[in-house]
Amino acid sequence: MNIKITLPDNSMREYPKGSSAMEIAKSISEGLARNVLAAKVNGEVRDLNRPIEEDSSLQLLTWTDAEGKSTMWHSSAHLMAEALEFYYPGIKFWVGPPIQNGFYYDVDFGGQAFSADDLKKIEDKMAELAKQSNAFVRKEISKGDAVNYFTERGDQYKLDLLSNLEDGGITLYTQGNFTDLCRGPHIPHTGYIKAIKLTNVAGAYWKNDSNNPMLTRIYGITFPKKSELDEYLTMLEEAKKRDHRKIGKDMEIFTFDDDVGPGLPLWLPNGGVMIEELERLAKKTEQRAGYSRVRTPHLAKESMYKTSGHLPYYEDSMFPPMECDGEKYYLKAMNCPHHHKIFKELNPSYRDLPIRLAEYGTCYRYEQSGELFGLMRVRALQMNDAHIYCTKDQFAEEFNAVNEMYLKYFRVFGIEKYVMRFSTHAPEKLGKKYVDNPELWKQTEDMVRQVLIDSNIPYIEVPDEGAFYGPKIDVQVWSAIGREFTLATNQVDFAVPARFGLTFRNSNNEMETPICIHRAPLGTHERFIGFLLEHYAGNFPIWLAPQQVSILPISEKFNGYAKKVLQLLRNSDIRGLVDDRDEKIGKKIRDAEIKKVPYMLIIGEKEEAENAVSVRQHGKGDQGSLPIQEFIDRVSKEIQELLDA
RNA sequence: GCCGAUGUAGCUCAGCUGGUCAGAGCUACUGAUUUGUAAUCAGUAGGUCGGGGGUUCGAAUCCCUCCAUCGGCUCCA
């Protein structure tokens, strides 16, 4: 009897019932059969050698398919487990999934020491086992037999997994001397794994719960070709060079100091310039969009955070309070309550709405010490914050305008890869995790969703991740080295204004509670500049570059003219420096290139005589000579165009 | 906070199992040189080897502890 197999190109072929995907691959081409790792049968990824019993659609997965990679990495995790068990008999395994780059396995070493120094011998053992081309053998087993098997081995972890599995469809996989409870699928045999790198070892809580004991998590990655591993390692090296902590140090953007404290960044002069430029951009953009700027203190009394409802939920993330005149004061971890107080003072009528209060507010959050990470996770942060108070009728338009602002910023910064993470509520948790107002949840979520759809913004919807007071959108971006960041956040709040008793007088002369939109398109200076450092690898667009022009006199004789040029640049708000060291021009150029200064002006006898400058552009080389004023006009125009994107 | 690792001049790093181990390059400073598109030469200066305690005749090197950083976990802008 034959079955019909439909391939991705919609062609159909007939095979005897019970043919395996591998046999089908061989029938198509030898080359394909050599490269195929797993098969997608009717949408389910499966082992290649499992017989196919009915008419099916079939996709043969290779290394170029994400699912092909995952299958290989999952199998690699098993291979690693086998190597680990060889050296550390009796250790217990939790789970070993494939991840974005490679795989890990969580291991309980039962008190035996294991460190990064031991990775090499495991790698070598894995290579040895891979060469044996041991088949991954799938075996269906009843739940009872499985429980017996793992009880006998005293494996509480696999028993825990089993307790959540239904009888039927439970499978074991064995390769060489290692057997694991596993749903599969796997590659046919270990010989497919040609290059192995165990990247690091770390602790991880069992079931990701910090109340549970820690297991040892070992990360690794494998490839079907040695050359691909080399490429991957080179890529990691490159990523290291773009790390914002390294660039930030090299370019003197920021630093930390033991005496100041962990997570409290000091912005060096170059970082100060970037902050000034970002704030200038934000203020201008917000001014045009009808925002009002306010300023609020860095602390407030305990009572305000009780009113806002932040204290009970947020106390652990706030710095401990300071006692003063018999009162407790907290450093602010968010600007919202202060802004709410301002709204209240304004006592507006519906004719005054929307009211948009903006502030680059400084907040302090007591992040756990292990969470601090360069500029990305800090304890003092300045947020591009604003709160928009509007009526229900105004909400969609206001929300859309906020989105437009996000998109403008993405253009200015050349951010092409982004996703909006739209977090909604979970109906069954109304009244617990979420404010109990189903109509408003539905209404605001529908409006937000519609704005996202209308503006054609890529987004993913995540249920049960909203704030307690409303749905929110987090902007996910990816830095050039592939690190994912939540850059900015945008939240709808229909609850806290009520807690503060915020009202406006509507057209019927009744008091009504406004909806509040929290938004911070540029996130915080800390995280945003951290992101920009990696995004641009320090090669900032000229408007943002701490130093825009380096003036390089050929010899000391021209230092005077160089200073004159510098003053002209400064008069036109262009940031420059004269390199008047007693060095040769080649050296000065080299140093300016390394510092990634966008423009270098080489100045000698000819330039001084002609009131000109010789322009060299970073990364592009000699651009010829220009009259000074022409250069200034060109730079000013370039800056304007970048900001008007 | 938890698991693991690391911490030597402003920067990048040597310094193996305790005894000329306090070093190199870059930077900075001084002098010579006065230079045309990615490194001129020479000299000088710089560190109680993260802090504190201990073991030892002797510790950057071994032990304890604290701090910070890094890789993860948890958490998040």
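Letters go in sequence order (proteins before strands), and every chain restarts at 1. Bear in mind the structure is a predicted one, so any value in this text is a computation, not a measurement.
Distance, A:Asn208 CG to B:rG1 P: 20 Å, rounded to whole Å. One can place CG of A:Asp257 at 11 Å from P of B:rU69, the figure rounded to the nearest angstrom. At whole-Å resolution of the value, CD in A:Glu367 and P in B:rC73 are 16 Å apart.
Shown here are the side chain to side chain contact (heavy atoms under 4.5 Å, CB included) partners of A:Pro97, two or more places apart in sequence or in another chain: A:Val95, A:Tyr104. A search for side chain to side chain donor-acceptor pair (under 3.5 Å) contacts involving A:Glu315 returns A:Tyr330, not counting sequence neighbours. Taking A:His338 as the reference, nothing meets the side chain to side chain donor-acceptor pair (under 3.5 Å) condition, with sequence neighbours excluded.
In this structure, B:rU12 and B:rA24 make a Watson-Crick or G-U wobble pair, each of the two defining distances being under 3.5 angstrom.
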Please write out the pairs of protein N or O atoms and N or O atoms of nucleotides 40-49 of chain B separated by less than 3.5 Å, giving the distance to one decimal.
{"from": "B:rU40", "atom 1": "O4", "to": "A:Asp582", "atom 2": "O", "distance (Å)": "3.4"}

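On a pure distance criterion of 3.5 Å, a polar donor-acceptor pair joins the side chain of A:Tyr205 and the base of B:rG1.
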| query | Where along nucleotides 4-14 of chain B does protein come under 4.0 Å, by heavy atom, of base (B) or sugar-phosphate alone (S), with - for untouched nucleotides? | reply | -------SS--

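In this structure, A:Phe485 reaches neither bases nor backbone, as no heavy-atom distance under 4.0 Å exists between it and the strands shown.
For the salt bridge (Lys or Arg N to Asp or Glu O under 4.0 Å) condition, the pairs that include at least one residue of residues 369-388 of chain A, sequence neighbours left out, are A:Glu367-A:Arg377, A:Glu371-A:Arg377.
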